[in-house]
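First comes the structure, then the notes that go with it.
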Amino acid sequence: MSLKLYNTLTRRKEEFKPITPGKVGMYVCGITAYDVCHIGHARSAVVFDVITRYFRYAGFDVTYVKNFTDVDDKIIERANREKTTIGDVSERFITRHNEDMAAIGVEPPTVTPKATENIDGMIRLIRTLEEKGLAYAMDGDVYYAVEGFRGYGKLSGRNLEDMLAGARVDVNERKRNPLDFALWKGSKEGEPWWDSPWGPGRPGWHIECSVMSQRYLGETFDIHGGGEDLIFPHHENEIAQSEGAYGKPFANYWLHNGFVRINSEKMSKSLGNFFTIEEMLRRYAPEVLRFFMLQSHYRSPVDFSEESLAEARQGMDRCYSTLKLLQDALKAGEGTAETAPAVLTGKEKDLAEVLSRLPERFAEAMNDDFNTARALGYVFDAIRHLNGFLLDKTFIVNSASMAVLHQARETLDGIGRVFGLFLVDPERYLLEDREREAAKRGLDVAEIERLIAGRREARENKDWHRADEIRKELAARQVVLKDGPSGTTWSIQ
RNA sequence: GGCGGCAUAGCCAAGUGGCAAGGCAGCGGUCUGCAAAACCGUUAUUCACCGGUUCGAAUCCGGUUGCCGCCUCCA
């Protein structure tokens, strides 16, 4: 089955054809390291993490490059404010970024180059552009001459006239065309600088990505990704730089993730309405955040709210309750003959069929522009069947049922590894969830357990009235009790 | 002003012209001392609105309305 993905460049879904069969080269624009990451950064990271994992699951050898911008106006500003160096600021936030990403289960990219480690390459590329008449120096700055590049605007679907007509006027009189952008900026007093043919200066923002992508992936590579706000001007300018210099296509497919919104408004640092990853992880399990994001298609906007996160938590609790049941059943069946009967029958056969279909349906959804929402729908379908099987009164431990349950575990593990879900020990997940929710609500766990102990006593004496009173009392605090054969367990609603 | 996107149940959300996935919430049932969880059933004669193409449209085309994004740093 072929994999289709939506290409921003052509505005349609296209079949993915790698340059080298079986390999994928992907470049994604990373962060500017001047502040802590928010959940918008998390979404982008999770989206491309899952895309990478899926390509690998599908058998591709992926080289995933994600850069760090470690020299830029905001970093300089912050370094000056804190009376330190840009290296100090960027290192601090790169470390924080890596910690946050690890915390939400994002696997590190193959290569994570930094802009400041590629200054030589940038100077070489700017010289090439100068030689081709696509760049001009002006008082220590170097600008890209957009009029010299015929394809300018092709990614964002604009043309130069339209942009000039509606442009907010840039008062930089050194530019020949207001849309020309800086490749190199002469450094002012107090700014970091590198030697260059144009005097001491620092790189413009866009040039680093052209250089680093080419360095690790070649002049033409498969996929370029990033947040949708980068389409213009950043990615448009990258195309102008790379294609202008090398005379060949830059990236074959452009993938852009949609934004995180807060109350239907874009969340961003400039608007100040953002939640940091760290903040969110105090309130929700990492997998809840991932699940929440993956329930929407990566190109759609996603609205963060207390309610929607709470719903996502319920959804994950449902999954983990099933995983717990599955784990318990497998434990109970340990030592049962490993070899399954050659032919399954009845309920085992039905469930085995559902499970066998799941990877196919999963691939069908993911091959359609990484439709994680649809794929998760299929997972829930399988979970429903699995619950029915596990809680059926006629369930017995034997080699047939164990074979099917092992199949369930393997199938869910396989999909879980792509999504970065279902990877925690179920017992631990549910316990941590309970503790996190108890802390959020300011509940006293010791007191809850005391009440439960009191209720056990009442139940042993068949004092149902007293037992129900305690249940009610706890229910008022959103504590839900579950009486099982091995005692009472509790969770938070 | 220019360019682009979106509009599907109470909420979130998938939907590739051929009977509208899934999650959360609700309701009825089974189970249970009572519950909870789980399972079964149920909840959109209808996909913002108006036209058109078609045997057939949530899906394609045109228009209207509303929301959002980009055009300035941004994931």
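Labels below follow one simple rule: chain letters A, B, ... track the order of the sequence lines, proteins then strands, and each chain is numbered from 1.
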Notebook entry, point to check: Mind checking what makes salt bridge (Lys or Arg N to Asp or Glu O under 4.0 Å) contact with R409(A), not counting sequence neighbours?
Noted result: D413(A)
Note to self: Going by the rule ring pair (Phe, Tyr, Trp, His ring centres under 6.0 Å), which residues pair with H206(A) if we only count those two or more places apart in sequence or in a different chain?
What the structure shows: F181(A), H234(A)
Next item on the list: For C3(B) versus A44(B), give the span between their P atoms, rounded off to a whole number of Å.
Entry: 41 Å
Note to self: My understanding is that only residues two or more places apart in sequence, or in another chain, count here; which of them pass ring pair (Phe, Tyr, Trp, His ring centres under 6.0 Å) with Y298(A)?
What the structure shows: none
Note to self: From CH2 of W490(A) over to C1' of A37(B), roughly how many Å is that when rounded to an integer?
What the structure shows: 16 Å
Check: Does K266(A) make a cation-pi contact with F259(A) (under 6.0 Å, within 45 degrees of the axis)?
Finding: yes
Checklist line | Integer-rounded Å distance: G4(B) P and I231(A) CD1 | finding: 12 Å
Next item on the list: Identify, between A310(A) and I39(A), the residue whose nearest nucleotide on RNA chain B lies closer to the 5' end.
Entry: A310(A)
Item checked: RNA chain B-proximal residues of residues 382-391 of chain A, any heavy atom under 4.0 Å -> R384(A), N387(A), G388(A), L391(A)
Checklist line | A9(B) to C47(B) separation - C1' atoms, rounded to the nearest Å | finding: 10 Å
Checklist line | Pairing nucleotide - G33(B), Watson-Crick or G-U, each distance under 3.5 Å | finding: none
Check: Which whole-number value in Å describes the distance from F291(A) CZ to G22(B) P?
Finding: 14 Å
Next item on the list: Mark up nucleotides 11-16 of chain B, 5' to 3', with B wherever a protein heavy atom is under 4.0 angstrom from a base atom, S wherever such an atom reaches only the sugar-phosphate, and - elsewhere.
Entry: B-SSSB
Check: To the nearest angstrom, how far is M26(A) atom CE from A75(B) atom C1'?
Finding: 14 Å
Checklist line | Whole-angstrom distance between A21(B) and C61(B), as gauged at atom P | finding: 24 Å
Check: What integer number of Å spans the P atoms of A14(B) and A48(B)?
Finding: 14 Å
Margin query: Within the 3.5 Å criterion, strictly below it, is a donor on N371(A) or E364(A) matched to an acceptor on the partner's side chain?
Written below: no
Check: Taking any strand in view, what nucleotide pairs with C55(B) in a Watson-Crick or G-U wobble way, both distances under 3.5 Å?
Finding: G18(B)
Next item on the list: Tell me, please, which residues at least two apart from D229(A) pass salt bridge (Lys or Arg N to Asp or Glu O under 4.0 Å).
Entry: none
Sequence neighbours left out, cut at 3.5 Å: what donor-acceptor pairs do the side chains of residues 467-475 of chain A make with other protein atoms?
unit_1, atom_1, unit_2, atom_2, d
E469(A), OE1, R466(A), NH1, 3.0
E469(A), OE2, H465(A), NE2, 3.3
R471(A), NH2, D483(A), OD2, 3.2
E473(A), OE2, R477(A), NH2, 3.4

Item checked: Residue mapping more 5' on RNA chain B - nearest nucleotide basis, G30(A) or Y6(A) -> Y6(A)
Notebook entry, point to check: Can you pull the salt bridge (Lys or Arg N to Asp or Glu O under 4.0 Å) pairs that have at least one residue in residues 31-48 of chain A, sequence neighbours excluded?
Noted result: D35(A)-R78(A)
Check: How far does the C1' atom of A57(B) sit from the matching atom of G51(B), given to the nearest Å?
Finding: 14 Å
Checklist line | Pairwise P distance for G66(B) and U53(B), with rounding to whole Å | finding: 28 Å
Check: For S156(A), which contact category applies under a 4.0 Å heavy-atom criterion: base, sugar-phosphate, or nothing?
Finding: sugar-phosphate
Checklist line | Atom of N273(A), atom of S268(A) and distance for their closest heavy-atom approach | finding: OD1-N, 3.1 Å
Check: For F380(A), which residues count as a ring pair (Phe, Tyr, Trp, His ring centres under 6.0 Å) partner, sequence neighbours excluded?
Finding: F291(A)
Check: Which whole-number value in Å describes the distance from L326(A) CG to A37(B) P?
Finding: 20 Å
Notebook entry, point to check: Rounding to the closest angstrom, what is the interatomic distance between U45(B) and A58(B) at atom P?
Noted result: 13 Å
Notebook entry, point to check: Roughly how many Å is it from CG in D328(A) to P in A38(B), rounded to a whole number?
Noted result: 15 Å
Note to self: Can you tell me the base-pairing partner of C3(B)? Count Watson-Crick or G-U wobble geometry only, both distances below 3.5 Å, and say none if there is no partner.
What the structure shows: G69(B)
Check: Where do R459(A) and D463(A) land on the salt bridge (Lys or Arg N to Asp or Glu O under 4.0 Å) test, with the steps shown first?
Finding: CA-CA 6 Å; R459(A) 291 183 76 222; D463(A) 182 356; over 6 Å; no
Next item on the list: Would you kindly give the OH-to-P distance between Y27(A) and A75(B), to the nearest whole Å?
Entry: 13 Å
Next item on the list: Whole angstrom is fine here: how far is it from CD1 in I262(A) over to C1' in C68(B)?
Entry: 15 Å
Note to self: For the residue pair N367(A) / Y54(A), report whether a side-chain donor-acceptor contact shorter than 3.5 Å exists.
What the structure shows: yes
Notebook entry, point to check: Base, sugar-phosphate, or nothing for M316(A), non-hydrogen atoms under 4.0 angstrom?
Noted result: nothing
Checklist line | Watson-Crick or G-U counterpart of U42(B), or none if no pair lies under 3.5 Å | finding: G26(B)
Notebook entry, point to check: With sequence neighbours excluded, what pairs up with E265(A) under the salt bridge (Lys or Arg N to Asp or Glu O under 4.0 Å) test?
Noted result: none
Note to self: Once you apply a heavy-atom cut-off of 4.0 Å, does R158(A) come out as touching a base, just sugar-phosphate, or nothing?
What the structure shows: base
Next item on the list: Please work out if G40(A) contacts a base, only the sugar-phosphate, or nothing of the nucleic acid, heavy-atom cut-off 4.0 Å.
Entry: base
Checklist line | Pairwise P distance for C40(B) and C19(B), with rounding to whole Å | finding: 23 Å
Note to self: Protein within reach of the bases, or only the backbone? For nucleotides 29-36 of chain B, mark each nucleotide 5' to 3' as B, S or -, using heavy atoms under 4.0 Å.
What the structure shows: --S-BBBB
Note to self: Taking salt bridge (Lys or Arg N to Asp or Glu O under 4.0 Å) as the definition, give me every residue that meets it alongside E77(A), ordered by chain and number, with sequence neighbours left out.
What the structure shows: none
